[in-house]
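Scroll down for the structure; my scribbles are underneath it.
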Amino acid sequence: MAGLGRGRGRGKGYMSFSIEAVGIGKGENLPPSILQPTPLFPPMEHKPVPLVMGEEAEYMLALKQEFRGNMKTLPFYVRQAVSKKDTSLSVDTPVDPKPSKKTRVDKEEIIHKLEVGITLEKKEEEVTSDEEEGEKKKQEEEQQDGEEEYDEEEFEEETDYIMSYFDNGEEFGGDSDDNMDEAIY
Amino acid sequence: MTAQEVRLCGLLLQEHFGEVVERIGTHLLRGGAQNLRTIANETNTPLDLVKKSLCVLVQHGACEFGSGRRGPGSPVEYRANCERVLRVLRYPRYIYTAKTLYGDTGELIVEEVLQRGHMTMSNTVKTVADRLTHNMEEGRSMEYSEVVSAFSKLVETHFLQRCPPVAEMGTAASSTTPATPSTPAAPASTAPPTAESNPDCYKLPHVTLIGRGKRRRSSDDSEEQRGGKKAKMEVESCGDEGIYWQVNFERFHQHFRDQAVISAVASKLDQTSSEIVRTMLRMSEVTTTQTAAYTQPLSANEIFRSLPPNYSISRPILDQYLSLLVDDPMEFVGKSGDSGGGMYVVNLQRALANLARATLESVVQERFGSRSARIFRLLLRKRHLEQKQVEDFAMIPAKEAKDMLYTLLSENLVQLQEIPKTPDHAPSRTFYLYTVNQLPTARLLLQHCYKTVANLIERRLFETKENKRLLEKSQRIEAILASLQASGAEPEQLTEVEEMITAPERQQLEALRHHINKLDSTENQVDETVFLLESYIFSTKTK
């Protein structure tokens, strides 16, 4: 076709229709071509008209918010029944199947065991697994809460380390602050 | 079902029914009709949650079920209804309209039925009476008969209707909504029955409800919140089991459309003309079908007799007003004959088209400036114009006109039409004309509106999530304050608890509430535009 033949060897700006017809004259300054996506929040030359604010608008706003709140209490709001966190918190220790009603009782057990005097390593493992168990049971009991539950223990400060690693040993023999003469090792 | 619509539907489902229902609903919307197993497998949701979600969706009319594709023996297929889910956005407007028409009682009735999807009359009456009693002062309570009268008014004017009867499916298991007693065995209809196909659609059941609303004590609060389904089972049967009522959205839409036309006439002409149009519309309420292009012809004599008594204008003045209305370029009212002093109709379709056009022009004006709006209106009126003609007619210098035209072109509000002079479509011998097509542009703007509302909802959820900690803290403190006040604490304790929120936190909370209110309010207002555009597009479909 004649059009294709003219295209070769020409400069830039050749299009399949004659641009005079749409009004761009010869050699006129065209706006620069766009090389990247448009910005996410481009500056607006024309600001939007302000919202209609009146009694009717406010009443409808109140109706809307109330309706939303009410829907959350009705049985039509289906919640995820069981949070699937059982096997995802695996540490190397085996997880013992314990009965479901043990929450704070775990921590009491731990402290009791500490006062008997077991080694640091074993204590850490048990604390980790017991606290995990306690956490899981708490989560399973809090099933009405539709919020996202994350394992506080591990993810509190976005570190890669298990938070109990940073225990400053308060639970370990945490009495005898009275006698400050002796140094504490 | 465009991507924007599906996204908006997902957000609405999530806000009102939770994430599980949202997942199931979006899957159904995207994938069309599916059976139970497919849904469960493809969304990786346990079967009982899928069943629960489908029940919720069917209860609210967002999903329909029917026999499968392979005939009556194949498993039941479920189909989600995108339009119905989008109605959730308009709920506040429906409730407010009921309030303006039928007072607080009407408002509560509509709100209850919207919240529960389908409800029996006896249940609604009892719940509404209890709620109204709760708000009254001590010692007074609400009679059931008052609520029943409000309910019957709503049914008479067709704002509430019976739920459609469910088609029998042969030997298949029983459906969730019981069929009304009048349906005989298996109708083999392929389309799902609509509410209107039931002749008893607007008939009230013969039930006498006598009693008063019960005042709820604070000790009963925890029992109330255990869910409406449980309460239903404890209620004695009142004789209207199986007759469920739902809100008739089309009737509300008709009302909104009439309101839009009347307010347009009021702002274009004057109050008296709008009253005349309101009278004409009121007279044709029952005789006009929902998709009619214009109302039934009314004679000037009838209109004169039906004018409201406080608007006493003389007969010749009425005639003058009517001829003014007919001559107006907006073409709201048309003259269809000369008998009876002149036969007049309200041009509903034309009115909707004009309202949609005004919306489009307003959008262009607010986004691109009044000169671009001038070009846009010009193109709407003159249909096809060349570049040079646009510059001349709009009286805008060439360079700026070009700039504006290209901006509009890049936003797809204006299109280029090629008209070849010669059969080989040579570019130098082709006309290039600018044009605006109202219907596709309206559809484009409607999709933009859906996207806008979805963005607003997402932004609101984001703001709430960001300040979750602060919101929880303030809720806890309010709860503590409430319990302290109930148990009678001294003012020092109360101030102490109040000071637990610091001043900058209070400011932050205030700013957060302000933002959320603004976003919510904006959603309501965008929905008004959505309604106009939807009505216009729908009116052009049914030609």
Side-chain angles (χ1 to χ4, degrees), chain A residues 1-3 6 14-25 28-31 34 38 40-42 44-82 84 144-148, chain B residues 15-21 46 48-49 52-53 55-56 59-60 91-93 95-96 99 107 111 114-117 225-230 365-369 386-388 391 398 401-403 405-406 416 418 424 426-432 434 468 516-518 520-525:
Chain A
M1 298 236 318
R6 269 180 36 209
Y14 173 70
M15 273 160 275
S16 66
F17 57 95
S18 85
I19 43 185
E20 279 91 24
V22 282
I24 306 176
E28 212 180 286
N29 275 340
L30 294 169
I34 302 191
T38 47
L40 198 52
F41 294 108
M44 296 196 299
E45 317 93 50
H46 301 275
K47 298 283 175 222
V49 181
L51 286 178
V52 172
M53 274 300 166
E55 215 184 279
E56 195 184 311
E58 283 180 21
Y59 193 80
M60 289 225 279
L61 170 69
L63 275 177
K64 186 183 174 114
Q65 292 181 333
E66 219 183 274
F67 192 88
R68 231 189 358 246
N70 285 343
M71 288 303 276
K72 291 207 158 63
T73 63
L74 284 177
F76 301 116
Y77 199 90
V78 178
R79 294 191 158 87
Q80 199 96 37
V82 175
K84 315 228 177 223
Q144 290 313 309
D145 220 350
E147 296 160 8
E148 195 196 3
Chain B
E15 287 225 292
H16 290 91
F17 302 114
E19 290 191 356
V20 181
V21 178
D48 58 338
L49 280 180
K52 238 189 200 175
S53 319
C55 283
V56 169
Q59 169 85 5
H60 281 83
Y91 280 4
R93 203 169 170 195
I95 302 174
Y96 184 73
K99 184 191 173 79
E107 173 194 5
E111 187 176 345
L114 281 173
Q115 270 182 1
R116 309 285 171 133
Q225 279 178 18
R226 208 108 33 82
K229 291 224 171 110
K230 199 167 180 200
Q365 178 162 333
E366 292 304 327
R367 279 180 68 188
F368 301 106
E386 271 187 339
Q387 168 79 38
K388 188 87 182 32
E391 291 163 23
K402 216 176 345 190
D403 210 14
L405 268 173
Y406 290 150
L416 260 183
E418 294 180 8
D424 66 346
S428 56
R429 291 189 290 273
T430 316
F431 285 118
Y432 291 97
Y434 289 99
K468 194 164 84 156
I516 291 188
N517 286 349
K518 215 166 184 176
D520 260 331
S521 196
T522 315
E523 280 171 43
N524 283 342
Q525 288 184 28

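So you know, we letter chains A, B, ... as the sequences are listed, proteins then strands, and number each from 1. Owing to the predicted nature of the structure, the values given are computational and were not obtained by experimental measurement.
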Should the heavy atoms of other residues, nucleotides or ligands under 6.0 Å from CD of B:Gln365 be counted, would the total exceed 12? yes
Please, which pairs that meet salt bridge (Lys or Arg N to Asp or Glu O under 4.0 Å) have at least one residue in residues 62-74 of chain A, sequence neighbours excluded? A:Lys64-B:Glu523, A:Arg68-B:Glu15, A:Arg68-B:Asp520
Give, as side chain, backbone, both or neither, the part of B:Glu107 having an atom under 4.5 angstrom from any heavy atom of chain A. side chain
Separation between CG of A:Leu61 and CG of B:Asn517, rounded to the nearest 0.5 Å: 5.0 Å
Can you label the angle between the A:Phe76 ring and the B:Phe17 ring as parallel, tilted or perpendicular, going by 30° and 60°? perpendicular
Which bit of B:Lys518 comes within less than 4.5 Å of chain A, counting heavy atoms only: side chain, backbone, both or neither? both
Region of B:Leu405 in contact with chain A, defined by heavy-atom distances below 4.5 Å: neither
For B:Ser521 and A:Leu51, work out which heavy atoms get closest and say how close. CB-CD1, 4.4 Å
Any non-hydrogen side-chain atom of B:Leu114 less than 4.5 Å from a side-chain atom of A:Phe67? yes
Please tell me if the side chains of B:Tyr91 and A:Leu63 come closer than 4.5 Å, counting only heavy atoms from C-beta onward. no
A:Glu58 versus chain B, heavy atoms under 4.5 Å apart: side chain, backbone, both or neither? neither
Would you give the length of the straight line joining atom OH of A:Tyr59 to atom CG of B:Asn524, rounded to the nearest 0.5 angstrom? 13.5 Å
Options B:Thr522, B:Ile516, B:Val21, ranked by heavy-atom pairs under 4.5 Å with chain A, top entry: B:Thr522
Is there side-chain contact between A:Met71 and B:Gln115, with heavy atoms separated by less than 4.5 Å? yes
Does any backbone or side-chain atom of B:Phe368 lie under 4.5 Å from a heavy atom of chain A? Answer side chain, backbone, both or neither. backbone
Is a side-chain donor or acceptor of B:Gln525 paired with a backbone partner of A:Val52 at a separation under 3.5 angstrom? yes
Counting heavy-atom pairs under 4.5 Å with chain B, which one of A:Met60, A:Met44, A:Met53 comes out on top? A:Met60
